[in-house]
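Data first, discussion second: the structure below is written as structure tokens.
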Amino acid sequence: MTLRARLSITLALLGLALAAAWARRWVGLVRGVALLGRDYREVDLGQKLGFPVGFNHLTVATLPAEERYPPLVAAAKVLVVAALSARVGGGDTGERPATAASSPLRSAYRWLGTPALADPSWLGDEAMGWLRLAGPNAGWITRGGEGVVLDYRALLAGVPSAAGRFLTPCRARFTTTGTGLLLSGIDLLVDGEAVRVGPGDGPAWHLAKLHLQSADLFVHEVVSHFLWTHCHAEHVILASAKLPAGHPVRALLAPHFAFTLVANENSGRVLLGEVGVFDRLFSAGWAGTRALLSRGAAAWRFSRMVPRLDAEDRGLGDLPVYPCRDDAALLWDALATRVQRAKLPLDDATRAWAADLRRRFGADLPEVGDEGALALVVTACLFTTVRHTLVNAGQYEHFGYPPHWPSMLCRPFPGDLSLVTDDYVRASLPPPSVQLDAARATYAFSIQFNRLGPPGDDLRAVQAEIERRNATRWRPYRVAEPGRVSNSVNA
């Protein structure tokens, strides 16, 4: 590695470390309120960025000055954007493959800390099941006639991959245990044919897990994270901007959407397009990302915004162990109680707001014809920031170790399992610069500047219950603890 490359890497990592330290210094003290500006004119996201994005989304045409980060946050965000924009060399799949944690990645860990997933035990079959119940993308498993599965075959079939990269539509099968789930098999679509892999298949089993993890990470960042939290929060903000100043619905929501518009402004510029982070990191590149954005927009249902309803729709309402569902439901109940106590009026302005929301989200959003429906929809809007934390806060600890959760794979999964050797598995891993890019991107995306508020007895009760549950769980699930939940989508 050249001296210039080392210096570039060091400066980028230093910027992220300083930004995180600054955030820890001020977290909980930086609150803010959205919707203080006067100009919330809207424009199509693709038109604003100058290229098609694959889905219809209205964004603010020009970010109002009042929506920008305050000085305490702005300095750290400048460091984050600069660290993500700094190119550290290479990035294509022509580089030498990484055998495990590459040298640049080890450098990153000295600055940023070693992610939890660096522990080899997390590739075990029981751990792989736990990640589907309590990981950053725990909202995709379903239960039906074939038991509990994580099925990305239809969602990813036909999604193009960039040259030299490989995205494999796949389905994981699980058995239910007393502590969670056990990964029992993976079915991959290879050249249109189904390939079944199981725990006894040696290196092929390891490689199948990597293809599953890579597909899961792709769906997480593009759909669960960017589309279903960042973009959906913007739906709520722009609809709420049309409410009269001081309206109770607007007043209740505004503190929970502080800094979201500016965060989305940065995300659109840094993540999307042919030179964005998504293009650099994912097997699908920008063309495949654009295709998944389109499919993700079509796949959304209102139940995704309501934790218990979401689990029931996926056949998992009575799954014995499901921390993401159970702890999210505690936070939902706390927010629902706050909405009820606010006694929001069902006046003409509220009805117009609800109709505007339905136009933005689609007909699956319930019509607001009574106070019960109003409370449900407003709670779902508030819960968007909780959903963002659930998919966002654990990113670095999980995705920051690409040898276990790679953003791209550089070898195809072969139809003949005997062709998979340990060397083939190692050659499938992303090159060093991509591993480093993934670590620093997921670290940057995990930095938060505020906490769910206002703090009170309801959140203290949630905290106590989560601690009680964690005492008997296979692994603690802490991301839903109120002290870790962000008050707004601000990353």
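Bear in mind the structure is a predicted one, so any value in this text is a computation, not a measurement.
In this view, Asp347 satisfies the salt bridge (Lys or Arg N to Asp or Glu O under 4.0 Å) rule with no residue, not counting sequence neighbours. Residues forming a side chain to side chain contact (heavy atoms under 4.5 Å, CB included) with Ala291 (at least two apart in sequence, or on another chain): Pro160. With sequence neighbours left out, the salt bridge (Lys or Arg N to Asp or Glu O under 4.0 Å) criterion links Arg196 to Asp187. Asp151 meets the salt bridge (Lys or Arg N to Asp or Glu O under 4.0 Å) test with Arg153; sequence neighbours excluded. Arg468 is linked by a salt bridge (Lys or Arg N to Asp or Glu O under 4.0 Å) to Glu465, counting only residues two or more places apart in sequence or in another chain.
Surrounding CG of Asp119 are more than 12 heavy atoms belonging to other residues, nucleotides or ligands, all under 6.0 Å away. No more than 12 heavy-atom neighbours from other residues, nucleotides or ligands sit within 6.0 angstrom of CZ on Arg41. Remark: Glu367 CD is loosely packed, at most 12 non-hydrogen atoms of other residues, nucleotides or ligands lying under 6.0 Å away. Applying the 6.0 Å contact sphere to CG of Asp191 captures no more than 12 heavy atoms from other residues, nucleotides or ligands. Residue-environment remark: CD (Glu467) exceeds the threshold of 12 foreign heavy atoms within 6.0 Å.
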Side chains of residues 131-139: which donor-acceptor pairs under 3.5 Å do they make with residues two or more places apart or in other chains?
unit_1, atom_1, unit_2, atom_2, d
Arg132, NH1, Met128, O, 3.2
Arg132, NH1, Gln213, OE1, 3.1
Arg132, NH2, Gln213, OE1, 2.9
Arg132, NH2, Asp216, OD2, 3.0
Asn137, OD1, Trp140, NE1, 3.3
Asn137, OD1, Ser224, OG, 2.7
Asn137, ND2, Tyr152, OH, 3.1
Asn137, ND2, Asp216, O, 3.4
Asn137, ND2, Asp216, OD1, 2.9

Under 3.5 Å donor-acceptor pairs involving side-chain atoms of residues 282-289, not counting sequence neighbours:
unit_1, atom_1, unit_2, atom_2, d
Ser283, OG, Phe166, O, 3.1
Ser283, OG, Leu409, N, 3.0
Thr289, OG1, Gly285, O, 2.7

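Thr177 and Glu126 share no side-chain donor-acceptor pair at under 3.5 Å. For the residue pair Asn487/His256, the side-chain donor-acceptor check at 3.5 Å is satisfied. A donor atom on one side chain and an acceptor atom on the other are not found under 3.5 Å apart for Asp310 and Ser303.
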Practice item. Would you sort out whether Arg280 and Glu274 count as a salt bridge (Lys or Arg N to Asp or Glu O under 4.0 Å), showing the intermediate values? Key: CA-CA 8 Å; Arg280 296 206 309 266; Glu274 294 181 352; over 6 Å; no

Point to revise | Audit row: Glu146, Arg171, salt bridge (Lys or Arg N to Asp or Glu O under 4.0 Å) steps and yes/no | key: CA-CA 11 Å; Glu146 298 177 285; Arg171 176 184 66 171; 2.7 Å; yes

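The side-chain hydrogen bond (donor to acceptor under 3.5 Å, both in side chains) pairs that include a residue from residues 446-456 are Gln448-Ser486, Gln448-Asn490, Asn450-Ser486, Asn450-Ser488, Asn450-Asn490, where partners are two or more places apart or lie in different chains. Sorted by first and then second residue, the ring pair (Phe, Tyr, Trp, His ring centres under 6.0 Å) pairs with a member in residues 441-460 read Tyr396-Tyr443; sequence neighbours excluded. For the ring pair (Phe, Tyr, Trp, His ring centres under 6.0 Å) condition, the pairs that include at least one residue of residues 343-369, sequence neighbours left out, are His232-Phe361, His235-Phe361, Trp300-Phe361. Sorted by first and then second residue, the ring pair (Phe, Tyr, Trp, His ring centres under 6.0 Å) pairs involving residues 450-491 (not counting sequence neighbours) are Trp130-Trp474. Sorted by first then second residue, the side-chain hydrogen bond (donor to acceptor under 3.5 Å, both in side chains) pairs that include residues 321-331, not counting sequence neighbours, are Arg314-Tyr322, Asp327-Arg469, Asp327-Arg473.
The shortest distance between side-chain heavy atoms of Lys209 and Asp125 falls below 4.5 Å. Contact of the Asp458 side chain with the Arg338 side chain is registered, since non-hydrogen atoms from C-beta on lie closer than 4.5 Å.
Here the straight-line distance linking atom CD of Gln395 with atom CG of Leu217 works out to 8.5 Å at 0.5 Å rounding. Note that OG1 of Thr59 is 12.5 Å distant from NE2 of His230, once rounded to the nearest 0.5 Å. How far CG of Leu335 is from CG of Leu330: 11.0 Å, rounded to the nearest 0.5 Å. Atoms NE2 and CD, on His57 and Gln47 in that order, are 13.5 Å from each other to the nearest 0.5 Å. A distance of 7.5 Å separates OG1 of Thr229 from CG of Asn392, quoted to the nearest 0.5 Å. One finds the CG atom of Leu156 at 7.5 Å from the CZ atom of Arg295 (value rounded to the nearest 0.5 Å).
The main-chain N or O of Arg250 is never found under 3.5 Å from a side-chain atom of Ser240 such that the two would form a donor-acceptor pair. Using modelled atom types, one side-chain atom of Arg143 and one backbone atom of Gly315 make a donor-acceptor pair closer than 3.5 Å. Of the possible polar contacts, one joining the Tyr40 side chain to the Gly37 backbone as a donor-acceptor pair under 3.5 Å is found.
Just one of Thr175, Leu150, Ile141 meets the side-chain contact (heavy atoms from CB on, under 4.5 Å) condition when paired with Leu181; it is Ile141. Exactly one of Leu167, Leu281, Val223 qualifies for a side-chain contact (heavy atoms from CB on, under 4.5 Å) with Phe218. That residue is Leu167.
Looking at Arg360 and Glu42, a side-chain N of the basic residue comes within less than 4.0 Å of a carboxylate O on the acidic one, giving a salt bridge. Under a 4.0 Å N-O distance rule, the pair Asp313/Arg308 does not qualify as a salt bridge.
Close placement of the His225 and His388 rings is indicated, their centers lying within 6.0 Å of each other.
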